[in-house]
Amino acid sequence: MVFRRFESARAGEAEEAVTYSTSDDDDEIYDAENKAIDFPGGRVAFTPQIKFISESPDKRIPCYRVLDDDGYPIAGSTYEQVDKETAVKMYKSMVTLQIMDTIFYEAQRQGRISFYLTSMGEEAINIATAAALSFDDIILPQYREPGILLWRGFTLQEFANQCFGTKDDYGKGRQMPIHYGSKQHNFFTISSPIATQLPQAAGVAYSLKMDNKEACVVAFTGDGGTSEGDFHAGMNFAAVMEAPVLFICRNNGWAISTPVSEQFRSDGVVVKGQAYGIRSIRVDGNDTLAVYSAIRAAREMVIREQKPVLVEALTYRVGHHSTSDDSTKYRPLDEIEHWKTARSPLARFRKWVQRNGWWNDEGETELRGSIRKQLLNAIQVAEKTEKPSLEDLFTDVYDNLPLNLHEQEKSLRETIKRHQKDFPSDVPV
Amino acid sequence: IRSEARTISGAINGSRKTGKVITKAVAAQAESPASAASKPGHELLLFEALREGLEEEMDRDPRVCVFGEDVGHYGGSYKVTKGLAEKYGDLRVLDTPIAENSFTGMAVGAAMTGLRPIVEGMNMGFLLLAFNQISDNCGMLHYTSGGQFTIPTVIRGPGGVGRQLGAEHSQRLESYFQSIPGIQMVACSTPYNAKGLMKAAIRSENPVVLFEHVLLYNLKERIPDEEYVLSLEEAEMVRPGEHVTILTYSRMRYHVMQAAKTLVNKGYDPEVIDIRSLKPFDLYTIGNSIKKTHRVLIVEECMRTGGIGASLTAAINENFHDYLDAQIVCLSSQDVPTPYAGTLEEWTVVQPPQIVAAVEQLCK
């Protein structure tokens with residue numbers, strides 16, 4: 001199967017995103033006479049007929065897919081070849097992500113951590129994207145992309161350290177669980193408000209442009225995030241600045257309890273790209289090979305042409321929004337079950353990998369057992385590790401401790417000394 | 001009017017700034033042509049001083065860049081960036097679409113990856129649209145990332161009450177921003193301190209908000225030819241005195257100095273301090289003054305509720321209560337949106353006669 005990357009990716013060959021309510025016949029007469037008008041922004045042809053652009057296309061933008069539900073390559077599909085080593089690494093990472101999510105979720109339920117948020121159902125987006133990028137690509141995550149850190153070598157212990165807020169956490173215990181950040185892994189610290197990272201992407205891209213680096217910025221958001229003003233601003237800026245940003249929207253159908261039908265009335269997120277002059281593609285987010293190929297192609301475009309690209313990955317949020325949510329309250333149990341089992345990205349990819357002779361059931365059992373053990377161990381270690389000391393309450397607010405914070409720290413220490421038994425004993429002072 | 005800047009005793013605030021500090025600052029309002037020729041330094045307007053500081057820093061460090069609306073080819077609405085785009089290229093002096101939240105966010109992203117961006121708000125009031133990026137991201141990301149990412153940005157622009165610019169163009173954003181942990185705030189008031197503070201802000205590793213005032217851009221002063229950088233945390237002694245400490249900043253400094261002339265004629269000796277550093281306050285300079293005079297008058301343009309004056313009053317009461325012979329008096333604008341009508345607008349800003357009356361009352 002020959003992969004001709006640019007054939008399927010060329011923008012002009014996309015399905016007609018826009019339909020007109022009357023026929024185009026009348027236009028030809030006027031076009032022939034070359035009637036066009038100049039306005040700021042360029043030349044436009046004109047038409048004497050009132051025509052409104054339809055609010056929705058006749059057909060929705062189709063979704064790029066390589067494997068069918070049973071993991072068989074679809075006839076005629078073009079995709080980037082994946083070798084055994086990469087495929088197995090991808091599959092193992094997806095399993096690791098799934099188990100990590102399960103165990104940390106359980107830990108929260110047992111009261112061992114305060115909060116957790118899973119990426120269940122979105123493992124393919126997480127891992128296939130990570131595999132398709134280079135280590136130098138800078139990630140601006142929303143919060144459902146820990147798989148990228150995992151792929152880049154973040155250990156299970158490091159994940160646990162952050163969730164438990166120990167002194168080994170790179171964030172020094174200052175952020176709530178799952179708000180990872182690691183400069184060495186080129187993964188920006190997660191900030192809770194939605195979509196605030198999107199305008200920042202243009203700035204990071206600007207930085208890369210100045211440095212002339214062979215890398216791009218990858219900014220994530222969910223379907224809900226596209227409603228934020230920052231989505232509009234970030235997209236528009238990246239387009240105008242010709243910033244090498246790859247925008248990835250994980251359209252998983254739900255923003256806590258808000259379904260996409262109540263989030264926007266457009267044909268999903270992919271059509272919004274054209275509104276900003278940004279090339280876009282819609283991909284089956286549960287198809288590991290499709291995501292891998294699409295991100296590879298998009299990344300190459302972003303870097304070579306130095307302009308933004310939008311990828312909408314359609315998927316389903318199998319888990320609850322977070323441990324503070326019970327999604328069975330607003331969606332049917334059988335819908336969740338269906339996506340969890342019949343449409344699982346892991347099951348689908350596993351079938352393809354196993355059929356290639358690269359994986360087997362024994363490997364599966366062994367892997368799952370091993371990861372589970374490692375995680376339980378990481379949790380135990382994290383639980384026993386000291387919390388960050390009191391001085392970390394005041395450091396890093398500024399580069400050096402200013403006078404008022406010096407005083408506040410002194411005052412706090414004096415209070416603790418006077419009422420020692422009222423303060424937790426496991427926090428080093 | 002002569003003012004003396006002290007040498008910095010670095011022990012106070014713990015943060016040291018690189019660059020020389022000169023020990024004497026001359027803030028002359030007018031000078032005769034004869035003496036002008038023989039005097040050292042060069043004369044310029046405040047917006048030119050800002051530009052000079054900016055240009056020197058852009059020459060010194062290739063990572064410094066500017067983002068804002070109309071800052072590039074147009075040269076900035078107040079001409080602070082005039083000529084810079086031609087000199088450094090339109091990537092380093094970048095024109096942005098109208099989205100304050102965007103370009104402030106963009107500055108955060110650029111800063112996190114090693115650049116030193118300066119964000120220009122066309123008017124400070126518009127930066128309210130960038131509040132989230134300024135508070136949650138500029139202010140907090142250094143802390144929440146465990147110190148991994150620094151955000152050395154400068155956010156600057158004209159604010160304060162102008163001449164009939166309407167309520168939305170007359171905002172005093174220092175009130176709203178003062179609570180944000182992680183940022184520093186300074187207000188310039190003369191060409192000398194404008195240039196020095198601009199340079200210090202750019203060199204700082206912390207996010208700094210530099211407040212300029214719409215009506216002060218055309219102030220003229222003679223400033224030194226040699227390079228100088230001021231301290232971000234220091235207040236400026238404008239006029240030493242014995243009877244009362246008057247604390248002020250930005251445009252109100254000039255109303256206070258005008259009132260000071262009247263007060264001197266009436267036999268009073270006010271000590272006028274331009275606090276310059278709005279966050280944190282230079283309580284060392286302020287405290288020394290209070291220990292001497294025992295009376296405090298704060299003159300600000302902020303509104304009565306939640307302004308810089310309100311915080312300063314609290315800080316002084318907490319720290320120097322024993323040294324006060326009278327209650328602190330704070331003159332501020334009323335809690336109203338700034339009206340357009342000239343007469344009403346004048347009544348909403350503290351005027352010299354009010355300052356004179358307040359000092360007389362305080363010194364009874």
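Sequence lines set the chain letters: A, B, ... in the order given, protein chains first and strands last, and positions in each chain run from 1. Heavy atoms only: backbone and side chains are in, while hydrogens, waters and symmetry mates are out.
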- Message: Measuring centre to centre across the rings, with the benzene-like ring taken for any Trp, is F103(B) within less than 6.0 Å of F67(B)?
- Response: no
- Message: Applying the side chain to side chain contact (heavy atoms under 4.5 Å, CB included) criterion to V217(A), which one of L208(A), L246(A), N186(A), D137(A) satisfies it?
- Response: L208(A)
- Message: If we define contacts as heavy-atom pairs under 4.5 Å, which of D136(B), T104(B), L141(B), T96(B) has the most with chain A?
- Response: T96(B)
- Would you mind telling me which of T150(B), D95(B), I183(B), I151(B) has the largest number of heavy-atom pairs within less than 4.5 Å of chain A? I183(B)
- So, the part of S182(A) with a heavy atom under 4.5 Å from chain B: the answer is both
- Message: So which residue, N132(B), L91(B), L283(B), ends up with the most heavy-atom pairs under 4.5 Å with chain A?
- Response: L91(B)
- F231(A) versus chain B, heavy atoms under 4.5 Å apart: side chain, backbone, both or neither? neither
- Item | Q178(B) side chain to S311(B) side chain, donor-acceptor N/O pair below 3.5 angstrom | yes
- Among S145(B), A99(B), P152(B), residue most engaged with chain A (heavy-atom pairs, under 4.5 Å): S145(B)
- Query: About how many Å separate CE of M106(B) and CD of Q200(A), when rounded to the nearest 0.5 Å?
  - Reply: 11.5 Å
- Bottom line for I190(A): the part with an atom under 4.5 Å from chain B's heavy atoms is neither
- Note on the structure: chain B shares the most heavy-atom pairs under 4.5 Å, among R174(A), H179(A), K209(A), Q184(A), with R174(A)
- Message: Strictly below 4.0 Å, N to O, side chains only: are K213(A) and D136(A) in salt-bridge contact?
- Response: no
- Query: Do we see a donor-acceptor contact under 3.5 Å between the side chains of D230(A) and N101(B)?
  - Reply: yes
- Heavy-atom distance under 4.5 Å to chain B: side chain of F188(A), backbone, both or neither? both
- Query: What orientation do F131(B) and F177(B) show, parallel under 30°, tilted 30 to 60°, or perpendicular over 60°?
  - Reply: perpendicular
